[in-house]
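What follows is a single structure, written as structure tokens, with notes after it.
In this chain, numbering begins with 1 at the start of the sequence shown.
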Amino acid sequence: MSLVLPGEQVTAQHVNLKLGPGLLHLPLASGEPAVVSTRAGEVKHSANRNKWWIEGNSRRYVPAPQESVVGVVVARSGENWRVDIGSAHTASLDGLAFEGATKRNRPNLKVGSLLYARVSLAHKDMEPELECFDAQTRKAEGFGELKGGFLVQCSLKMCRLLLDPKHFLFPLLGARFPLETAVGINGRVWINCKEPRQTIAVARCIEAVDPDGGGMDEVAVKKFLATLDV
């Protein structure tokens with residue numbers, strides 16, 4: 001485990017290096033480029049070491065390109081929508097930023113609609129921009145309006161844990177009853193189950209496993225589920 005403070009240099013190297021939240025390319029005094037941390041936390045990287053980021057306990061989400069988020073439509077501005085993604089500023093979503101969308105055929109989103117979207121542009125001096133299709137395939141790939149279901153708020157660290165395919169929670173719950181989920185890196189999880197009691201159980205389990213909450217492990221969650229009527 002490697003902990004860093006703002007301004008410290010991080011030895012992140014890869015041919016196709018991609019920097020996530022908390023890291024920035026800055027030139028040194030010698031003129032050579034370097035990767036510098038912009039926040040305090042633990043240095044993390046993907047298995048093939050091409051993606052690096054700082055894992056902290058930040059309460060507010062800071063948008064980064066290509067991250068998946070769950071947003072709420074708060075207003076319409078011409079042919080665009082304003083979407084709350086939990087960051088300092090609302091994000092902009094173009095009416096054509098959907099699979100197969102045209103000027104005559106576009107989604108009919110209303111204020112309060114939930115969206116699963118991808119951050120296409122994130123800059124400190126500009127408002128974030130969203131798209132509801134995959135950057136490579138240009139297909140929806142699960143992005144778009146989320147109909148029905150229930151929205152759960154949790155810590156940013158919990159969302160990163162849930163996005164790990166090896167995490168135990170969703171496979172454990174999915175073995176008991178069918179469920180749909182959409183995990184945003186911005187501290188929001190959308191869940192959809194057949195029965196309200198199942199939805200409540202999933203929400204309570206997420207809160208219990210959250211490091212900022214109960215911090216339960218797999219054994220404790222199994223015991224907790226045994227007390228619920230699911």
Side-chain angles (χ1 to χ4, degrees), residues 1-6 8 10 12 19-23 37-49 51-64 66-72 84-88 114 116 119 142 146 149-230:
M1 183 174 66
S2 177
L3 299 176
V4 294
L5 294 174
E8 288 191 30
V10 177
L19 301 181
L23 292 176
S37 66
T38 60
R39 67 170 72 165
E42 183 181 353
V43 180
K44 294 278 190 176
H45 58 76
S46 59
N48 60 356
R49 304 178 72 89
K51 296 179 181 178
W52 291 69
W53 69 92
I54 301 296
E55 185 77 73
N57 199 21
S58 174
R59 297 289 177 177
R60 181 179 289 280
Y61 171 63
V62 179
Q66 309 309 319
E67 289 188 337
S68 301
V69 296
V70 176
V72 183
D84 171 29
I85 57 173
S87 60
L114 289 177
Y116 191 48
V119 179
L146 299 172
F150 181 72
L151 187 63
V152 179
Q153 304 270 4
C154 61
S155 67
L156 303 184
K157 188 172 183 179
M158 182 60 190
C159 284
R160 293 195 183 278
L161 290 175
L162 291 175
L163 286 170
D164 184 356
K166 297 180 181 179
H167 196 265
F168 67 87
L169 184 58
F170 284 157
L172 179 64
L173 295 170
R176 290 175 172 260
F177 49 82
L179 73 156
E180 289 181 276
T181 62
V183 181
I185 206 72
N186 57 332
R188 296 173 180 176
V189 182
W190 175 82
I191 53 179
N192 189 23
C193 303
K194 289 185 177 180
E195 300 181 20
R197 62 179 180 172
Q198 296 171 345
T199 302
I200 294 171
V202 176
R204 292 186 64 183
C205 285
I206 291 174
E207 293 171 357
V209 177
D210 194 328
D212 282 2
M216 284 187 180
D217 58 10
E218 186 174 357
V219 175
V221 171
K222 287 181 178 178
K223 294 180 179 179
F224 178 62
L225 279 173
T227 65
L228 303 177
D229 184 22
V230 291

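A 4.5 Å side-chain heavy-atom check between Cys154 and Glu207 finds every atom pair outside the cut-off. Leu228 places none of its side-chain heavy atoms less than 4.5 Å from the side chain of Ile200. The shortest side-chain heavy-atom distance between Glu195 and Phe177 does not fall under the 4.5 Å cut-off. Between Ile185 and Val69, the closest side-chain pair of non-hydrogen atoms falls below 4.5 Å. You'll find the side chain of Leu169 reaches within 4.5 Å of the side chain of Met158, heavy atoms only.
Here the closest heavy-atom approach between residue Tyr116 and residue Gly142 is recorded as CD2-O, 3.7 Å. Contact record, Trp53 with Glu55: NE1-OE1, 3.7 Å, taken as the closest heavy-atom pair. Scanning all heavy atoms of the two residues, the minimum distance from Cys205 to Leu225 falls at SG-CD2, 3.6 Å. Counting all heavy atoms, side chain and backbone alike, Ala203 lies closest to Phe150 at CB-CE2, 4.2 Å. The shortest non-hydrogen separation linking Ser37 to Leu5 is OG-O, 2.6 Å. Shown here for Gly187 and Leu156, the closest heavy-atom pair between the two residues is N-CD2, 3.5 Å.
In this structure, the separation between CG on Asp217 and CZ on Phe168 is 6.5 Å, given to the nearest 0.5 Å. Going from atom CD of Gln198 over to atom CZ of Arg176 covers 11.0 Å, rounded to the nearest 0.5 Å. Atoms CD1 and CD1, on Ile191 and Ile206 in that order, are 5.0 Å from each other to the nearest 0.5 Å. Atom CG of residue Leu161 and atom CZ of residue Phe170 lie 11.0 Å apart, to the nearest 0.5 angstrom. To the nearest 0.5 Å, atom CG of residue Asn192 and atom OG1 of residue Thr181 are 10.0 Å apart. Atom NE2 of His167 sits about 7.5 Å away from atom CG of Asp164, to the nearest 0.5 Å.
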Intermediate values then yes/no, side-chain contact (heavy atoms from CB on, under 4.5 Å), Ser68 and Val183: CA-CA 8 Å; Ser68 301; Val183 181; over 6 Å; no
Full working for side-chain contact (heavy atoms from CB on, under 4.5 Å) between Arg39 and Val62: CA-CA 11 Å; Arg39 67 170 72 165; Val62 179; 3.8 Å; yes
Test log, rule side-chain contact (heavy atoms from CB on, under 4.5 Å), inputs Ile54 and Leu23: CA-CA 7 Å; Ile54 301 296; Leu23 292 176; 3.7 Å; yes
side-chain contact (heavy atoms from CB on, under 4.5 Å) evaluation trace for Lys222 with Leu172: CA-CA 8 Å; Lys222 287 181 178 178; Leu172 179 64; 3.8 Å; yes
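In this structure, Asn186 contributes its side chain and Ile85 its backbone to a donor-acceptor pair below 3.5 Å. Checking side-chain atoms of Ser46 against main-chain N and O of Lys51 turns up a donor-acceptor pair under 3.5 Å. Using a distance-only test at 3.5 Å, with no hydrogens or angles considered, no donor-acceptor pair links the side chain of Arg188 to the main chain of Gln153.
Heavy-atom neighbours of Arg160 CZ from other residues, nucleotides or ligands within 6.0 Å: above the threshold of 12.
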